[in-house]
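To keep things clear, I will list the structure first and then write my remarks on it.
Proteins come first, then strands; the chains are lettered A, B, ... in the order of their sequence lines, and each starts at number 1.
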Amino acid sequence: MQDMGNRLSLDFFLRDVLEVAPEILGKKLVRQFDDGHIEAYRITETEAYRGGDDLACHASKGRTPRTDVMFQEGGKVYVYLIYGMYWMLNFVTGPEGNASAVLIRGIEGCSGPGKVGRKLQLDKSFYGENLIRSSRIWIEEAEPVPNIQTAPRIGVDYAGPQWAGKLWRFYI
DNA sequence: CGCAAGATTGGC
DNA sequence: CCAATCTTGCGT
């Protein structure tokens, strides 16, 4: 059995995160679990984290072991553990050196980034996973979504009003 | 080496 | 309102 859909290519991710984050809405997030079965989920909510200037972005603190993948070429997975129990799923965007990523906050039938990570059974091993080549997680093309909504990002007040106020959360 | 805080969630 | 649970970054 092979992919039924059309997997997104590298080019899709090599753009500004503010273009990718809203455009990824509606696309299919596909996961092949350890037992071999495959499930696809429609992406419904995202947030953009944009490089070194964005104080809400982890990469604003510099290139560390944790943020390293964000500085790499787009199309890779950035996962990190928050509050000791939730794996946050992000997709790296932009060319090498541009440390940006899209946080997946919601998929169809599952609202909240912590719940997304749990549902997809993510863990540290997904750090750096290549979405173009991976056989356990990737994204497939879908019809563009009309009427995309925007709002301030959640839980980033620590970055100050300048950044917490940006309407960089996108949802259907 | 110690420690505070975190892109959250669910229960009281 | 607050505990759960543990990695990370930074200060001592």
Side-chain angles (χ1 to χ4, degrees), chain A residues 8 12-27 29 31 33 39 41-94 97-131 134 137-139 145 148-172:
Chain A
L8 293 184
F12 179 85
F13 301 96
L14 296 184
R15 296 176 296 154
D16 191 289
V17 69
L18 292 180
E19 269 186 79
V20 179
E23 212 175 299
I24 209 169
L25 290 174
K27 304 231 179 309
L29 173 56
R31 169 84 164 98
F33 294 92
E39 288 196 38
Y41 314 87
R42 189 159 171 265
I43 296 173
T44 58
E45 184 176 352
T46 64
E47 272 180 4
Y49 287 85
R50 196 164 185 255
D53 293 337
D54 178 7
L55 295 183
C57 181
H58 291 159
S60 67
K61 296 189 177 87
R63 192 164 186 161
T64 67
R66 183 208 209 185
T67 64
D68 188 80
V69 74
M70 272 201 283
F71 286 82
Q72 296 176 36
E73 185 177 65
K76 293 181 179 171
V77 172
Y78 165 45
V79 289
Y80 64 91
L81 185 66
I82 190 68
Y83 298 113
M85 50 179 83
Y86 302 109
W87 288 97
M88 305 279 105
L89 173 63
N90 302 254
F91 301 138
V92 177
T93 68
N98 179 305
S100 302
V102 177
L103 168 67
I104 304 303
R105 287 198 65 89
I107 55 180
E108 208 156 34
C110 185
S111 178
K115 289 192 272 188
V116 168
R118 189 173 57 194
K119 183 160 189 169
L120 297 179
Q121 294 175 30
L122 303 180
D123 58 54
K124 196 180 187 77
S125 74
F126 280 83
Y127 186 91
E129 189 84 355
N130 190 316
L131 291 166
S134 178
I137 188 169
W138 65 90
I139 304 173
V145 177
I148 290 174
Q149 311 283 103
T150 62
R153 293 175 293 180
I154 293 176
V156 296
D157 287 346
Y158 63 83
Q162 164 81 25
W163 297 101
K166 300 281 188 192
L167 302 179
W168 288 357
R169 179 155 65 99
F170 307 91
Y171 58 97
I172 297 176

To the nearest Å, how far apart are A:D157 CG and B:dG6 P?
10 Å
Spacing between A:M88 atom CE and B:dT9 atom P, to the nearest angstrom:
6 Å
Answer with base, sugar-phosphate or nothing: what part of the nucleic acid does A:G114 contact at a heavy-atom distance below 4.0 Å?
sugar-phosphate
What is the distance, to the nearest angstrom, from the CH2 atom on A:W163 to the C1' atom on B:dA7?
15 Å
So, do A:Y49 and A:H58 sit near enough that their side-chain heavy atoms are less than 4.5 Å apart?
no
If you compare every side-chain N and O of A:R118 against the phosphate oxygens of B:dT8 (OP1, OP2), does one of them come in below 4.0 Å?
no
Whole-Å distance between B:dA7 P and A:F91 CZ?
19 Å
Please report the distance, rounded to the nearest Å, between NZ in A:K166 and C1' in B:dA7.
17 Å
Distance, rounded to the nearest Å, where A:M85 contributes CE and C:dC6 contributes P
8 Å
When the distance from CG of A:L103 to P of B:dA7 is rounded to whole Å, what number comes out?
10 Å
Just N and O in the side chain of A:K124: are any of them under 4.0 Å from OP1 or OP2 of C:dT8?
yes
Taking all heavy atoms of A:M88 and all of A:I82, pick out the closest pair and write down the distance.
CE-CG2, 3.6 Å
Residue pair A:V17 / A:A48: nearest heavy atoms and the distance that separates them:
CG2-CB, 3.9 Å
Using the six-membered ring for Trp and the full ring for Phe, Tyr or His, decide whether A:Y83 stacks on the six-membered base ring of C:dA4 (centres under 5.5 Å, planes under 30°).
no
Side-chain touch A:R31/A:K119, heavy atoms, less than 4.5 angstrom
no
In terms of side-chain heavy atoms of A:M70, which of B:dT9, C:dG9, B:dA7 is nearest?
B:dA7
Integer-rounded Å distance: B:dA7 C1' and A:E45 CD:
12 Å
Base, sugar-phosphate or nothing for A:R66? Non-hydrogen atoms, less than 4.0 Å.
sugar-phosphate
Decide, yes or no, whether a salt bridge links A:E47 with A:R153 under the criterion of side-chain N to carboxylate O below 4.0 Å.
no
C:dT5 - base-pair partner by Watson-Crick or wobble geometry, distances under 3.5 Å
none
Report yes if a donor N or O on one partner sits less than 3.5 Å from an acceptor N or O on the other, where the partners are the side chain of A:Y158 and the base of B:dA5; otherwise report no.
no
